[in-house]
Every structure is written in C-alpha cells, then in structure tokens.
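Protein chains get the first letters and strands the later ones, always in sequence-line order, with residue 1 at the start of each.
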Amino acid sequence: MRFQRVKGTRDILPLEALARRELEQLVFSRLSRSGFQPIHTPTFEKFELYQRSTGESSDIVIKEMYRFQDMGGRDLALRPEGTPSVMRAILENHIKLPVRLWYSMSMFRQDKPQKGRYREHTQIGAEIVGEAEPEADAELIKLGFDLFSEIGIDGMYMELNSIGCRECRPTYQVKLVNFLKKHSSEMCEECRVRMERNPLRVFDCKVASCQDILKSAPSQRDHLCKECKEHFDKVKKGISAFNIPYQENDRLVRGLDYYSRTVIEFKSTSLGAQDAVCGGGRYDYLAEEMGGPHIPGTGFAFGVERALLASKGEGIFTYEQPTIALLILPLGSDATSFALDLVFKLRKAGLEALVEFRSGGLSRMLKRAASRNARKVLIVGEDEMASGVFILRDMKSGEQRELSFEELIESQDADSS
RNA sequence: GUGGGUGUAGCUCAAUUGGCAGAGCACUUGACUGUGGCUCAAGAUGUUGGGGGUUCAAGUCCCCUCACCCACCCCA
C-alpha cells in the first residue's frame with residue numbers, strides 16, 4: 001500500500017473508539033453536574049496567540065508547533081493546547097463571568113513520538129474562569145481526583161506546588177539566579193542556558209551533579225509572598241478536607257509561561273517515561289497577556305490516550321468485540337429485498353438489526369453470522385415469507401423460536417443478549 | 001534534534017557456517033444443496049520495509065534510506 005499514517009498520528013479503531021466514547025460520556029456527566037458547559041474552539045489560531053500566552057520560553061512554542069501560512073499570508077498554528085483558545089473565546093465573545101467550561105479537542109505538537117506521546121492527541125480540559133479564590137483550585141483538584149479514581153488510573157498520584165505571583169516570583173528568581181551563578185561552573189551546559197532563559201526550569205534537570213547542587217538551592221516555598229502563601233495554604237487545606245492524598249513538590253514548575261500560584265500534575269506509575277496524565281494550574285495573568293482585562297482562572301487538562309493507557313489494568317472501559325444484536329439471513333435473491341424492508345421496520349421499532357447481503361446456503365450464512373458476532377439471527381426464506389412466521393435463533397444457546405413480525409417487535413428479543 | 005532496539009504472509013513468529021522463504025492462527029472452498037461453533041480435506045497469500053554493494057548464490061554480510069518501538073529532552 002502506498003499510504004500510511006503521518007508519523008506520530010494514530011488510527012483509533014472501533015474497540016478503542018468505543019472506550020473513548022465511554023470515557024467522554026463519563027467526563028461529560030461528572031462535569032455537567034458540577035456546572036461545566038461544553039465549548040469548542042477552532043483547530044488552528046494565529047501563531048501569535050500561543051506565542052503571547054503559552055509563552056516564548058516554552059518548548060511548545062520554541063520547537064513543537066505546527067506553524068504554517070495560509071493563502072492570505074497569515075501566520076497560523078495548529079492548536080498545541082486548549083487554554084489560550086478558551087480564554088481568547090471568552091474575551092472575544094464577552095462570555096459572562098464567572099464561567100466553567102470543558103472541552104475535548106485534538107492537540108498538535110511536533111515532538112518525537114514515543115509511548116504515550118503522539119503528534120496529535122486529545123485533551124479533555126476543564127477551566128474555571130473568573131474566580132481567583134483558592135476554593136476554585138481545591139474544587140477543581142477534587143473533581144480531577146474523583147474522575148481519575150473512577151476511571152481507574154493505575155498507580156495514580158498527585159503533585160502540587162505554588163510558583164508564586166508576579167510580586168514574589170521575581171524576588172525568588174533573583175535569589176535563585178544568584179545561587180546558580182555561584183555554582184555555574186559545576187553545572188551542565190543546558191542548565192547554564194536555562195539559567196538565562198527560565199531559571200525555574202533548572203529543577204527539571206536530570207543530571208545527578210546538578211541535582212546535588214540544587215538540593216541546597218533556595219526553595220520557592222520559602223519565598224512566597226504573604227498573599228500567595230495564604231492562597232496556597234487554603235488550597236492545601238481544601239484538598240485535605242476532601243482527604244485527597246498529594247505530594248508537595250517544590251520542583252514542579254510546568255512548561256507553560258502563564259501559570260501563577262497553584263500548579264498540579266496527576267501522574268501514573270504505569271506509563272513509562274511520559275508519566276503525566278493531567279496537568280494544570282492557575283493562570284491569573286493569561287487574559288492580560290492577551291491584551292484583555294485582568295481575569296483570574298484555573299484549570300486542568302488530561303490526555304485521553306494516556307488516561308486510557310493508564311487505565312488498562314483496572315479500568316472500567318470494556319474493550320469488548322462489538323456484537324450484532326440481530327442479523328437477518330435472507331435465503332434466495334427475493335428474500336434480500338424482503339429482508340431489507342423488514343430490517344427498516346425493525347429499526348423503526350427501536351431494534352438493532354442488520355441484513356446479511358452475501359448470498360449462500362443457510363449453513364454458510366450461519367457461519368458468517370457466527371464470525372460477525374451476531375447474538376441472534378432471523379431466518380427469512382421462501383417458507384417464512386409465505387407464512388409470515390420467521391425463525392429466530394439464539395446464536396449462543398442454539399435455541400430457536402417461531403415468531404411473526406409483530407411478535408418479534410413486541411418481544412424486543414434482538415436487544416437481549 | 002540525539003541515542004538504542006526492531007522490520008519475513010492479514011496476525012504471532014521460524015529459517016543452521018550465506019545454499020529451494022516456512023509454521024501456527026486467521027481467511028476461502030468442500031465434506032454438510034434450509035441449521036454455525038467441533039472434525040477432516042483442499043486452496044490462496046510475500047517486491048523478506050525500500051535502494052545500492054559484496055558473492056556462483058543474500059532474509060542472513062556491508063553501506064545508505066524509511067517506518068515503528070523505547071529512551072534523552074519536554075509534556076498530555
């Protein structure tokens with residue numbers, strides 16, 4: 001075959017597509033109850049939107065975006081994450097605040113694919129916009145925790161941190177940079193670059209010698225301003241009140257520029273290197289970065305592919321071979337058009353039914369029905385057409401009953417398995 | 001962008017020091033002409049990922065390339 005998928009993309013075959021539907025329905029139901037409304041935004045936006053919001057120092061903007069020009073010479077990009085678009089939509093459509101929105105949308109990043117990482121993936125996100133209160137963060141975390149517990153994420157744990165605000169973060173950064181400069185000769189090349197661009201990111205470094213040095217680095221937590229500390233304490237208090245276990249990790253920084261105060265990640269121990277299932281946090285400056293008014297917000301987004309991967313062990317999703325409730329087997333060419341007429345009547349009455357079009361003797365027809373996972377078959381041959389009484393056969397037990405069309409509809413037999 | 005691994009039938013995998021490309025499952029047909037799953041018999045299927053080289057001879061050795069997987073990085 002001449003064609004194959006573009007690198008990093010996937011075909012989602014029926015078995016997985018069904019599991020996805022179940023997942024999405026579960027999320028929809030839980031979020032609706034909590035006052036979230038669905039939203040969809042365009043798959044591509046102006047490149048500048050992401051540049052201004054996701055941020056110039058983020059890897060996403062620096063090297064992972066699908067950026068292109070349209071015929072009008074506009075500088076566009078495929079959506080790498082959902083939050084900027086949602087905020088843009090709120091501002092552009094003057095959506096009344098506060099508001100709770102959720103979405104399920106494809107995201108595109110030109111990363112090198114590996115387990116749990118694709119160039120197109122689906123994120124389900126939930127955003128609470130217009131509320132600066134720590135209770136909003138705590139509620140959102142509770143929602144996420146319940147959702148992932150219900151989905152059955154293997155080895156799930158949550159990490160939490162506060163990265164301060166524009167009052168206290170710069171002060172801390174200066175202290176951190178001063179510290180790093182003192183040790184710069186002992187640190188790896190990349191860390192020295194990070195020092196200049198986004199000093200907080202040095203904490204992500206995996207080099208052992210760097211980590212040793214960082215052990216004695218000043219901690220973010222000790223440099224939060226009064227307001228941020230209070231906010232963070234209230235978030236933690238709220239989470240504890242819900243009995244949600246978490247690990248405070250003052251190295252948790254997150255790669256997007258717009259976060260302030262609360263940042264969270266839900267991780268799974270079963271995903272290999274790409275262990276983050278869900279990431280999120282507060283983004284009180286995002287609207288302003290985009291040239292709008294001050295609008296606080298907090299949210300999270302999780303990867304559908306990763307959630308499904310991590311729920312394979314104890315997950316609630318079925319992954320069962322789909323079955324056909326009722327397969328009609330017409331014997332002889334006249335019977336096919338008769339069966340087709342019949343099948344639409346059955347469907348109209350609410351039954352799930354299909355007609356086998358390929359001709360053949362009854363023996364072969366039954367073989368086919370078995371290989372197509374039919375639960376029941378209806379035999380329609382010369383005798384049946386003449387008498388109006390059909391044979392309904394249960395494929396599992398082999399039991400047969402003779403029924404008229406009316407009796408068949410009444411019994412709703414096709415739907416019982 | 002940088003490493004490591006793997007590419008043989010639809011799927012899972014064999015093929016000795018380089019010596020006729022195979023098996024199981026699945027599929028098709030028949031035994032069984034209106035009663036499937038079991039059994040038996042027969043059948044179809046390949047540019048051995050692609051290109052080049054060495055050789056009388058390459059799935060096997062060498063070079064290049066592509067794809068996938070895993071990891072670094074980063075993230076969902």
| message | Please determine whether any donor N or O and acceptor N or O are separated by less than 3.5 Å between the side chain of A/Glu384 and the base of B/G34. | response |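 Side chain to base: pair present.
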| said: So for A/Arg117 and B/C74, does any side-chain atom that can act as donor or acceptor lie under 3.5 Å from a complementary atom in the base? | reply: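 Donor-acceptor pair under 3.5 Å: yes.
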| said: Consider salt bridge (charged side-chain N to carboxylate O under 4.0 Å, His left out). Of A/Glu289, A/Glu45, A/Glu48, which one does A/Arg88 pass it with? | reply: A/Glu45
Out of [options], which has the shortest distance to the side chain of [X]?
X	options	answer
A/Arg368	B/U29, B/C75, B/C74	B/U29
A/Gln274	B/C73, B/A76, B/C68	B/C73
A/Glu382	B/C74, B/G34, B/C27	B/G34
A/Asp275	B/G34, B/G36, B/C75	B/C75
A/Lys115	B/C75, B/A71, B/G34	B/A71

| said: Both A/Asp59 and A/Ser371 contact RNA chain B. Which one's nearest nucleotide lies toward the 5' end? | reply: A/Ser371
| field | First encountered from the 5' end of RNA chain B, between A/Thr9 and A/Gln123 | value |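 The residue mapped nearer the 5' terminus is A/Thr9.
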| request: Enter the distance from A/Cys165:SG to A/His231:NE2 here, rounded to the nearest 0.5 Å. | output: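 If I round to the nearest 0.5 Å, the distance is 10.5 Å.
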I'd like the [atom1] distance from [M] over to [N], given in whole Å.
N	M	atom1	result
B/G24	B/G34	C1'	34 Å
B/G30	B/G37	P	14 Å
B/A26	B/C62	P	38 Å
B/A14	B/U6	P	12 Å
B/C27	B/G10	P	15 Å
B/G7	B/G46	C1'	14 Å
B/G19	B/U2	C1'	41 Å
B/A15	B/G52	C1'	25 Å

| query | Any sub-3.5 Å donor-acceptor pair from A/Arg109's side-chain atoms to A/Pro80's backbone N or O? | reply |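 Between the backbone of A/Pro80 and the side chain of A/Arg109 there is a qualifying donor-acceptor contact (under 3.5 Å).
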| task | Output yes when a side-chain donor or acceptor of A/Arg375 lies under 3.5 Å from a complementary backbone atom of A/Asp394, and no otherwise. | result |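 A pair under 3.5 Å: no.
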Using a 4.0 Å heavy-atom cut-off across all strands, classify [X] as base, sugar-phosphate, or nothing.
X	answer
A/Ala369	nothing
A/Glu81	nothing
A/Gly8	sugar-phosphate
A/Arg109	base
A/Asp111	base
A/Ile379	base
A/Met107	nothing
A/Gly381	base
A/Gly116	base

| task | Check whether more than 12 heavy atoms from other residues, nucleotides or ligands sit under 6.0 Å from atom CZ of A/Phe28, and answer yes or no. | result |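 Open: at most 12 neighbouring heavy atoms sit under 6.0 Å from CZ of A/Phe28.
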Interatomic distance, [X] [atom1] vs [N] [atom2] [rounded to whole Å]:
X	N	atom1	atom2	answer
A/Lys376	B/U35	NZ	P	21 Å
A/Leu147	B/A76	CG	P	17 Å
A/Lys7	B/C66	NZ	P	9 Å
A/Asp394	B/G37	CG	P	16 Å
A/Lys267	B/C74	NZ	C1'	12 Å
A/Gln4	B/G7	CD	C1'	12 Å
A/Met65	B/A76	CE	P	14 Å
A/Asp383	B/U35	CG	P	12 Å

Could you identify the nucleotide paired to [N], looking across every strand shown and requiring Watson-Crick or G-U wobble geometry with both distances under 3.5 Å?
N	answer
B/U6	B/A67
B/A42	B/U28
B/G22	B/C13
B/U35	none
B/G1	B/C72
B/A58	none

Under 4.0 Å between a side-chain N/O of [X] and OP1 or OP2 of [N], yes or no?
X	N	value
A/Arg364	B/U28	no
A/Lys112	B/G1	no
A/Gln114	B/A71	yes

| request: Ignoring hydrogens and angles, state whether a donor on the side chain of A/Glu127 or A/Thr83 is under 3.5 Å from an acceptor on the partner side chain. | output: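 A/Thr83 and A/Glu127 do have a side-chain donor-acceptor pair below 3.5 Å.
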| request: Decide whether A/Glu81 and A/Thr54 meet the rule of one side-chain donor and one side-chain acceptor closer than 3.5 Å. | output: yes
| field | Proximity of A/Tyr157 and A/Phe266 rings by center, below 6.0 Å | value |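 Centroid separation for A/Tyr157 and A/Phe266: 6.0 Å or greater.
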| Distance-minimising heavy-atom pair for A/Pro84 and A/Ser53 |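 What the structure gives for the nearest pair is CB-OG, 3.2 Å.
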